[in-house]
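Below: the structure, in structure tokens.
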Amino acid sequence: MARKTIIVCDVTGEEGAETVEFAWDGTRYTIDLAEGERKKIEEFLSPYLEAAEEVAPGHRPLPVQPTGPDPAAVRKWAQENGIEVDGRGISEKGRIPAAFVDLYEKAQRESAES
């Protein structure tokens, strides 16, 4: 017995769609699109695809290097100066909250100006 699969567009419900795969912000997606919907996406993405770099399969992008002050320096400064944010001092480990970084950078600017 033969079977026929009909793919329906996820956007319009039109029959005769095809499955399209794409990735965005590290997540892979599939969507079934009719020809007209596929053309709309291709036209919209065209300038971005022309400017983008293709990533080879299996290639992982390099991690983004953090910017800003050295976390160890921020932690040491906050501990030595008894700095608290919302009634709490800085933790011994883990991510440095942005409020501590902001206070550290402000103190560094003020120190440089004097």
Side-chain angles (χ1 to χ4, degrees):
M1 174 189 296
R3 294 180 188 232
K4 182 177 181 181
T5 301
I6 299 173
I7 300 176
V8 177
C9 179
D10 292 328
V11 178
T12 65
E14 183 180 339
E15 291 184 1
E18 64 180 277
T19 302
V20 176
E21 242 185 81
F22 65 98
W24 176 259
D25 207 17
T27 303
R28 293 181 61 182
Y29 299 90
T30 63
I31 188 168
D32 297 327
L33 295 176
E35 186 177 339
E37 295 301 316
R38 182 182 175 113
K39 284 183 180 181
K40 286 179 188 178
I41 286 182
E42 287 174 348
E43 288 172 9
F44 176 79
L45 290 176
S46 179
Y48 302 101
L49 294 173
E50 288 173 18
E53 291 183 40
E54 189 173 334
V55 177
H59 174 77
R60 293 179 171 240
L62 295 174
V64 175
Q65 295 299 317
T67 59
D70 175 26
V74 175
R75 184 172 275 117
K76 181 179 178 186
W77 169 83
Q79 290 170 339
E80 288 176 352
N81 292 284
I83 305 298
E84 292 186 346
V85 172
D86 295 330
R88 293 184 152 155
I90 198 163
S91 65
E92 293 288 326
K93 295 181 183 178
R95 186 180 80 62
I96 306 286
F100 284 99
V101 174
D102 292 344
L103 290 170
Y104 174 82
E105 289 177 332
K106 181 180 177 186
Q108 297 304 305
R109 283 191 303 272
E110 290 173 356
S111 176
E113 291 173 359
S114 48

Quiz item: From Asn81 CG over to Lys76 NZ, what is the distance, rounded to the nearest 0.5 angstrom?
Solution: 11.0 Å

Quiz item: Should Asp32 and Val8 count as side-chain neighbours, where that means a heavy-atom distance under 4.5 Å?
Solution: no

Quiz item: Can you tell if the side chain of Phe22 reaches within under 4.5 Å of the side chain of Ile31, non-hydrogen atoms only?
Solution: yes

Quiz prompt | Arg38 to Val20 - nearest heavy-atom pair and separation | solution = NH1-CG2, 3.2 Å

Quiz item: Any side-chain donor-acceptor pair under 3.5 Å between Ser46 and Glu42?
Solution: no

Quiz item: If you look at every heavy atom in Glu18 and Ile7, which pair is closest and at what distance?
Solution: N-CG2, 4.5 Å

Self-check item: Leu49 CG to Ile41 CD1 distance, which is reported to the nearest 0.5 Å
Solution: 11.0 Å

Quiz item: Out of curiosity, Arg75 CZ to Tyr104 OH, how far, rounded to the nearest 0.5 Å?
Solution: 13.0 Å

Exercise. Taking all non-hydrogen atoms of both residues into account, name the closest pair between Ile6 and Gly16 and its distance.
Key: CG2-N, 4.5 Å

Quiz item: Quick one: does Gln79's side chain get under 4.5 Å of Ile90's, heavy atoms only?
Solution: yes

Self-check item: Glu35, CD: over 12 other non-hydrogen atoms inside 6.0 angstrom
Solution: no

Practice problem: Compare every heavy atom of Ala34 with every heavy atom of Ala17, then report the nearest pair and how far apart it is. | Solution: CB-N, 3.7 Å

Self-check item: Nearest heavy-atom neighbours spanning Ala107 and Trp77
Solution: CB-CZ2, 3.6 Å

Quiz item: Got a second to check how far Gln108's CD is from Lys106's NZ, nearest 0.5 Å?
Solution: 13.0 Å

Quiz item: What closest approach, in Å, do Pro69 and Glu105 show between heavy atoms, and which atom pair accounts for it?
Solution: CD-OE2, 3.2 Å

